[in-house]
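Reckoned from all heavy atoms, side chains included, excluding hydrogens, waters and symmetry mates. The chains referred to below are lettered A, B, ... by the order of the sequence lines, with proteins before strands, and numbering in each begins at 1. Model, not experiment: these values are computed from the prediction.
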Amino acid sequence: MTVRLLDTLSGRQRDLVPLEDGHVRVYSCGPTVYGPAHIGNFRSFLFADLLVRHLRWRGSRVTWVMNVTDIDDKIIRGAAAAGVSIEALADRWTERFLADAVALRMSEPEVLPRATRHIEEIVALVEILLDKGHAYRTDDGSIFFRIASWPAYGKLARLDPDQLRVGERVEADEYAKDDVRDFAVWKGPKPGEPSWSTRIGEGRPGWHIECSAMAMKHLGPSFDIHTGGIDLIFPHHEDEIAQSEAATGQEFVRTWLHCAHLQMGGAKMARSEGNIALVGDLLDRGISARALRYALIAAHYRASLSYTDESLAAATAAIERLDAAYLALAGYHEDRTDDPTLPAALETARTAFGAALDDDLNISPALAALFDLVRDLNRRIDARTMSTADADRAVAVLRDLDRVLAIGPDLEAAALEPDLQALVDARAAARAARDWAASDRLRDELAERGIVIEDSRDGQRWRRSGVTSHA
RNA sequence: GGCGACGUACCCAAGUGGUUAAGGGGGAGGUCUGCAAAACCUCUAUUCAGCGGUUCGAAUCCGCUCGUCGCCUCCA
């Protein structure tokens, strides 16, 4: 089965045929570390993670590069405002980003290149653009890409360069240039701004150039997939294509993937809109990171997605349903022969799941396949038709699907805190002694502390509730 | 003003020409259970924003209308 993806540039769904057989190279636009990434940012990172995980699940080797932009206007302003160096500010928010990414179970990219560590690559790229006449210098030491030299400009965003509503916005820090639509690949030095002394002069990188330089350094002049939020199509990715292809003469990216915005309160989540939610804040409120991940990946990446209390509650409930099935299977014991119909049911689920994701990461039918399987397994548990080994086989398949989704319970179920474990043991003892009063009291006490107790034919079991209230 | 996406049940969301319109959440009833929780069963869209059209047949194709969101500017 071939993975098919909808390419923004061609507007068509195309089979993923990697440039190197069996090895997919993916570049994702990552965070600009001027502050903590919000969950809208993470939606795009997690959609890329889902893609990478699925490709690996399908057996491909994947090299995933996600840039960290650690030099730009906002970082400079933020550092100045906070009275710290840009390095300190960038380091602080990079750490926070990595911690959030771990909490949300984002796979770790092979490379997390930082712009300030790639000044040489950026300079080399700008030199080529200057040599080929695609870029020019201005009096202040800045260097601009000349859009007029690149007829294909606008092909990604489907914008006619002549139709751009230029001049509607006047940037306070705009530099003189030949054409207002030209964009800076290198910004001349300014007082109070960091700058590098290089072969192309003093200054710092423009916003778009670093992605071209880092992508080509780590993945080559032409690679398979480039991802980002829909808002990066223009101008960021349009500019990346122009400057990269103008420099190399090769196709920069085979397939462009863009995810739609996360909405909150009827508008896209954006710092400038003031409607942002931060991973750390949500986790501090006791929200399950797995539920948050589920809420962010459960809708197709090209559909806009609203984040609400309701959507999070629905995600939490879905996760708990999944957890309950894992727990019931783990505790399941039945001394009988294997269920001959189980293997086919497991295979059907796995096939449907994979086929759905192959189809442009169509996650809804993939989740439907997962939950269809959960229902089927619950039925078998109730009917006691599986053997103990069957239950293990079922868990293995759930775990296999979870290599892609990463929403399942932790492999090594975190051991219960000693005091809680004591309560759980006491409750089991009370119930065994048919001391219902004590047993109910202990169950209530555990519930208040976030531990759900369930009795089953396979004995008492416990799990942590999806939303643990610390209030 | 230009470009684009979308409108499916109470909510989220698959389905893009042809059997009973997936799945999750929520709600109602039932089974099981010491009670509960979980689970299971039944029910919760003769209908897919509205109106026309094409077709033997449309949620799926075409046109118009209404509505929502986004890009054209920093932005995931």
Which value, in whole Å, describes the distance between the [atom1] atoms of nucleotides [N] and [M]?
| N | M | atom1 | value |
| --- | --- | --- | --- |
| B:rA49 | B:rA59 | C1' | 12 Å |
| B:rU44 | B:rA21 | P | 11 Å |
| B:rU47 | B:rC35 | C1' | 43 Å |
| B:rG25 | B:rA39 | P | 8 Å |
| B:rC48 | B:rU42 | P | 26 Å |
| B:rA22 | B:rU65 | P | 34 Å |
| B:rG52 | B:rC71 | C1' | 32 Å |
| B:rG15 | B:rA58 | C1' | 13 Å |

[N] [atom2] sits how many Å from [X] [atom1], rounded?
| X | N | atom1 | atom2 | answer |
| --- | --- | --- | --- | --- |
| A:Ile451 | B:rA38 | CD1 | P | 16 Å |
| A:Leu156 | B:rC3 | CG | P | 17 Å |
| A:Asp458 | B:rA39 | CG | C1' | 12 Å |
| A:Arg443 | B:rU33 | CZ | C1' | 10 Å |
| A:Phe183 | B:rU73 | CZ | P | 13 Å |
| A:Leu305 | B:rA76 | CG | C1' | 13 Å |
| A:Ile297 | B:rA76 | CD1 | C1' | 16 Å |
| A:Tyr301 | B:rA76 | OH | C1' | 15 Å |

(message) Please compare A:Phe42 and A:Arg302 by the position of their nearest nucleotide in RNA chain B and report the one closer to 5'.
(response)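 Mapping each residue to its closest nucleotide by heavy atoms, the 5'-most match is A:Arg302.
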
(request) Let me know, please, whether A:Ser44 or A:Ile381 comes out on the 5' side of the other along RNA chain B by nearest nucleotide. (result) A:Ile381

(message) Please list, in numerical order, the residues of residues 385-399 of chain A that have a heavy atom closer than 4.0 Å to any atom of RNA chain B.
(response)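 None - not one residue of the stretch has a heavy atom sitting under 4.0 Å from the strand.
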
(message) Short of 4.0 Å, heavy atom to strand atom, which residues of residues 427-436 of chain A count as contacting RNA chain B?
(response)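 Those residues are A:Arg427, A:Arg431, A:Trp436.
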
(request) Determine, for nucleotides 23-30 of chain B in 5'-to-3' order, which nucleotides have protein heavy atoms under 4.0 Å from the base (write B), from only the sugar-phosphate (write S), or from neither (write -). (result) SSS-----

(request) Among residues two or more places apart or on two chains, list those pairs meeting ring pair (Phe, Tyr, Trp, His ring centres under 6.0 Å) that have a residue in residues 93-115 of chain A. (result)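 Those involving residues 93-115 of chain A are A:Phe42-A:Phe97, A:Phe45-A:Phe97.
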
Ignoring hydrogens and geometry beyond distance, is a side-chain donor-acceptor pair present between [X] and [Y] at under 3.5 Å?
| X | Y | answer |
| --- | --- | --- |
| A:Tyr27 | A:Asp224 | no |
| A:His237 | A:His258 | yes |
| A:Ser212 | A:Gln243 | yes |
| A:Ser364 | A:Asn362 | no |

Would you indicate what [X] reaches in the nucleic acid, counting non-hydrogen atoms under 4.0 angstrom: base, sugar-phosphate, or nothing?
| X | result |
| --- | --- |
| A:Asn362 | sugar-phosphate |
| A:Leu327 | nothing |
| A:Ala324 | sugar-phosphate |
| A:Leu262 | base |
| A:Asn378 | sugar-phosphate |
| A:Gly228 | sugar-phosphate |
| A:His236 | nothing |
| A:Ser456 | nothing |

Taking [X] first and then [Y], would you say they form a salt bridge - that is, a charged N and a carboxylate O separated by under 4.0 Å?
| X | Y | result |
| --- | --- | --- |
| A:Asp179 | A:Arg181 | yes |
| A:Asp140 | A:Lys177 | no |
| A:Arg464 | A:Asp410 | no |
| A:Lys187 | A:Asp73 | yes |

With a cut-off of 3.5 Å and sequence neighbours excluded, list every side-chain donor-acceptor pair involving residues 260-271 of chain A.
unit_1, atom_1, unit_2, atom_2, d
A:Arg271, NE, A:Tyr34, OH, 3.4
A:Arg271, NH2, A:Pro36, O, 2.4

(message) Taking side chain to side chain donor-acceptor pair (under 3.5 Å) as the definition, give me every residue that meets it alongside A:Tyr294, ordered by chain and number, with sequence neighbours left out.
(response)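 A:Tyr294: no side chain to side chain donor-acceptor pair (under 3.5 Å) contacts found.
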
(request) Please list, chain by chain and in numerical order, all residues satisfying side-chain contact (heavy atoms from CB on, under 4.5 Å) with A:Asp390, sequence neighbours excluded. (result) A:Asp338, A:Asp339, A:Leu342, A:Met386, A:Ser387, A:Arg393

(request) Not counting sequence neighbours, which residues clear side-chain contact (heavy atoms from CB on, under 4.5 Å) with A:Ala438? List them please. (result) A:Ala430, A:Asp435, A:Arg441

(request) Report yes if the side chains of A:Ser107 and A:Met66 come closer than 4.5 Å at any heavy-atom pair, otherwise no. (result)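 Not in contact.
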
(message) Are the side chains of A:Leu112 and A:Leu98 in contact, using a 4.5 Å heavy-atom criterion?
(response)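 Touching, per the 4.5 Å side-chain cut-off.
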
(request) List in chain and number order the residues that pass salt bridge (Lys or Arg N to Asp or Glu O under 4.0 Å) with A:Asp91, two or more places apart in sequence or in another chain; answer none if no residue qualifies. (result) A:Arg114

(request) Starting from Watson-Crick (N1-N3 plus N6-O4 or O6-N4) and G-U wobble pairs under 3.5 Å, report the runs of at least three that RNA chain B belongs to. (result)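 The stems are B:1-7 with B:66-72, B:10-12 with B:23-25, B:26-31 with B:39-44, B:49-53 with B:61-65.
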
Would you indicate which nucleotide in [options] comes nearest to any side-chain atom of [X]?
| X | options | answer |
| --- | --- | --- |
| A:Leu232 | B:rC35, B:rA76, B:rA38 | B:rA76 |
| A:Lys74 | B:rC74, B:rA76, B:rA37 | B:rC74 |
| A:Thr32 | B:rA76, B:rG34, B:rA38 | B:rA76 |

All N/O contacts under 3.5 Å from nucleotides 69-71 of chain B to the protein, with atom names and distances to one decimal?
unit_1, atom_1, unit_2, atom_2, d
B:rC69, O2', A:Gln263, OE1, 3.0
B:rG70, OP1, A:Lys268, N, 3.1
B:rG70, O3', A:His261, NE2, 3.4
B:rC71, OP1, A:Lys268, NZ, 2.4

(request) Without swapping roles, check the side chain of A:Arg293 against the backbone of A:Leu104 for a donor-acceptor pair under 3.5 Å. (result) yes

(message) For B:rC41 and A:Arg379 - does any side-chain N or O of the residue sit under 4.0 Å from the phosphate oxygens OP1/OP2?
(response)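 So the side-chain polar atoms of A:Arg379 do come within 4.0 Å of the phosphate oxygens OP1 or OP2 of B:rC41, strictly under.
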
(request) Would you please name every residue forming a ring-ring contact (aromatic ring centres under 6.0 Å, His included) with A:His38, sequence neighbours left out? (result) none

(message) Suppose we call two aromatic rings close when their centres sit under 6.0 Å apart. Are A:Phe145 and A:Trp186 close by that rule?
(response)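 No, they do not, as the ring centres are separated by 6.0 Å or more.
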
